[in-house]
Amino acid sequence: MSRRPLVAGNWKLHLAPSEAAALASAIRAHLDARATLDVIDVAVFPTAFAVDRVVGACAGTGLQVGTQWTSAHPSGAFTGANAATIARRMGCTWALAGHSEVRRDLRETDEQVGAAVRAALSAGLLPLLCIGETLDQRDAGQVHAVLEQQLSGALTGLTADQVATCAIAYEPVWAIGTGRTASPAEAQAAHAVVRAWLRAHYPAFVGEQVRIVYGGSVKAENTTELLQAPDIDGVLVGGASITAPSFLAIVDAAVTACAP
Ligand code: PGA
């Protein structure tokens, strides 16, 4: 791994603000004790309601906080929406965009994901763009086409510098929350498609710089092997991120995997 690894926890609709703050404090204590953040980046994505408390719990450390979903709007008459501008002012540094659960539940299109990525960048947030195929699409041999369509839909119109600021999460939909992880070879093959697409569309530094993380039933037992693949630069963890022992075991595995 030549890029600095990123381990991110997507807490989804779990953990009330007090629980989220307690988990953030436990993570923080572990990272501080081991100087983990000297070696890798760690970010957590609580519910919007918990962001304030979690930012407070992380204050003064390098443990980063992100928002799970933001609309393309900075403000205005958009009932129910979240804004990247507000997330930034609350202390977030990351914005998840295009998670498959949002694409599914809010019928979010690639164009809307792209608008959210642009809004996140304008607000000063680092987008973590999620892409990935369904099982039907994989069985139909469409993995490359789906990934390339999701990339171009979300990144069109951005400058090379802006794309270089993003991270990309390859999350095959069939692996999310199912306990069925993509094999390191399957994940590496998909990450190589993403890297090749970046290299084909932008100057060389973009393809070198952008971190591509894997998500989908990640646990400590499969982290080391996944992170040995040349194009897997980290992990995005759902279910295993909402308790300190399981998430910190993944964090520690990532540190071990990137030891020289
Ligand atoms: P999972 O979720 O680890 O529970 O599969 C990953 C994600 O949705 O980001």
Side-chain angles (χ1 to χ4, degrees), residues 5-15 19-20 23-24 27 40-48 50-51 54 64-70 82 92 94-108 113 116-117 120 125-135 137-138 146-147 150-151 154 166-184 186-187 190-191 194 211-227 229 232-254 257:
L6 169 65
V7 175
N10 173 11
W11 294 351
K12 307 193 181 191
L13 187 47
H14 299 290
L15 307 174
E19 296 162 334
L23 177 56
I27 295 170
I40 65 171
D41 287 340
V42 180
V44 294
F45 293 78
T47 69
V51 161
V54 170
Q64 298 165 2
V65 184
T67 173
Q68 293 179 14
W69 178 79
T70 44
N82 292 332
C92 285
W94 288 94
L96 216 55
H99 192 282
S100 64
E101 288 157 7
V102 183
R103 292 179 190 261
R104 177 195 69 200
D105 295 342
L106 300 186
R107 306 250 187 282
E108 204 175 41
V113 173
V117 167
L125 294 173
L126 306 170
L128 177 47
L129 169 66
C130 302
I131 59 173
E133 81 287 355
T134 63
L135 194 54
Q137 289 166 332
R138 171 163 284 262
V146 169
L147 297 182
Q150 291 177 338
L151 286 168
C166 299
I168 294 169
Y170 168 62
E171 296 206 303
V173 178
W174 47 270
I176 295 177
T178 59
R180 181 179 163 195
T181 319
S183 70
E186 286 171 328
H191 284 224
V194 176
R211 288 179 290 189
I212 308 171
V213 304
Y214 169 81
S217 296
V218 170
K219 24 192 185 303
E221 296 76 49
N222 52 33
T223 297
T224 311
E225 209 185 351
L226 284 164
L227 291 181
I232 302 182
D233 305 314
V235 285
L236 176 56
V237 189
S241 73
I242 56 172
T243 66
S246 53
F247 186 61
L248 292 171
I250 291 168
V251 167
D252 290 346

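In listed order, ligands and their atoms are each counted from 1. Small disclaimer: the values here were computed from a predicted structure and weren't measured.
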### Query
Would you say Gly239 has any N or O atom under 3.5 Å from an N or O of ligand 1, going by distance alone?
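Among all N and O atoms of Gly239, at least one is under 3.5 Å from an N or O of ligand 1.
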### Any N/O pair Val237/ligand 1 closer than 3.5 Å
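N/O-N/O distance below 3.5 Å does not exist for this pair.
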### Query
So which of His99, Glu101, Lys219, Arg180 gets nearest to atom 8 (O) of ligand 1, if we judge by its closest heavy atom?
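Result: the heavy atom closest to atom 8 (O) of ligand 1 is in His99.
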#### Entry: Proximal candidate to atom 3 (O) of ligand 1 [heavy atom criterion; set Gly238, Ala175, Ala240]
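That would be Gly238.
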### Query
Applying salt bridge (Lys or Arg N to Asp or Glu O under 4.0 Å), which residue pairs with at least one partner in residues 170-183 are found, sequence neighbours left out?
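Sorted result for residues 170-183: empty, none.
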### Task
Specify side chain, backbone, both or neither for Asn10, according to which of its non-hydrogen atoms lie closer than 4.0 Å to ligand 1.
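It is the side chain that touches ligand 1; the backbone stays farther off.
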### Min heavy-atom dist Gly215 to ligand 1 below 4.0 Å
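Judged by the 4.0 Å heavy-atom criterion, Gly215 does not count as contacting ligand 1.
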### Task
Taking atom CD of Glu186 as the centre, report whether more than 12 heavy atoms of other residues, nucleotides or ligands fall under 6.0 Å from it.
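It does: Glu186 CD has more than 12 such atoms within range.
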### Task
Return the minimal non-hydrogen interatomic distance between Ile40 and Ala254, and the atom names on each side.
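Shortest heavy-atom contact: CD1-CB, 4.2 Å.
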### Atom of Leu226, atom of Thr181 and distance for their closest heavy-atom approach
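Smallest interatomic distance, heavy atoms only, reads CD1-CG2, 4.3 Å.
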### Query
Sub-3.5 Å donor-acceptor pair from the side chain of Thr134 to the main-chain atoms of Val173, do we have one?
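Here the side-chain-to-backbone pair does not exist.
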### Query
Is there a donor-acceptor pair under 3.5 Å between the side chain of Asp252 and the backbone N or O of Ala249?
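No: the side chain of Asp252 does not pair with the backbone of Ala249.
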Can you name the atoms of ligand 1, numbered from 1 with element, that are less than 4.0 Å from a heavy atom of [X]?
{"X": "Gly216", "result": "5 (O)"}
{"X": "Ser217", "result": "1 (P), 3 (O), 5 (O)"}
{"X": "Gly177", "result": "1 (P), 4 (O), 5 (O)"}
{"X": "Leu236", "result": "9 (O)"}

### Message
Do Ile176 and Glu101 have side chains that approach each other closer than 4.5 Å (heavy atoms only, starting at C-beta)?
### Response
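Yes. Closest side-chain heavy atoms under 4.5 Å.
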### Task
Taking the side chain as every heavy atom from C-beta outward, state whether Trp11 and Leu23 have any atom pair closer than 4.5 Å.
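Yes. Closest side-chain heavy atoms under 4.5 Å.
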### Task
Please write down residue, atom name and distance for the protein heavy atom closest to atom 9 (O) of ligand 1.
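Checked against all protein heavy atoms, atom 9 (O) of ligand 1 sits closest to Glu171 OE2, 2.6 Å.
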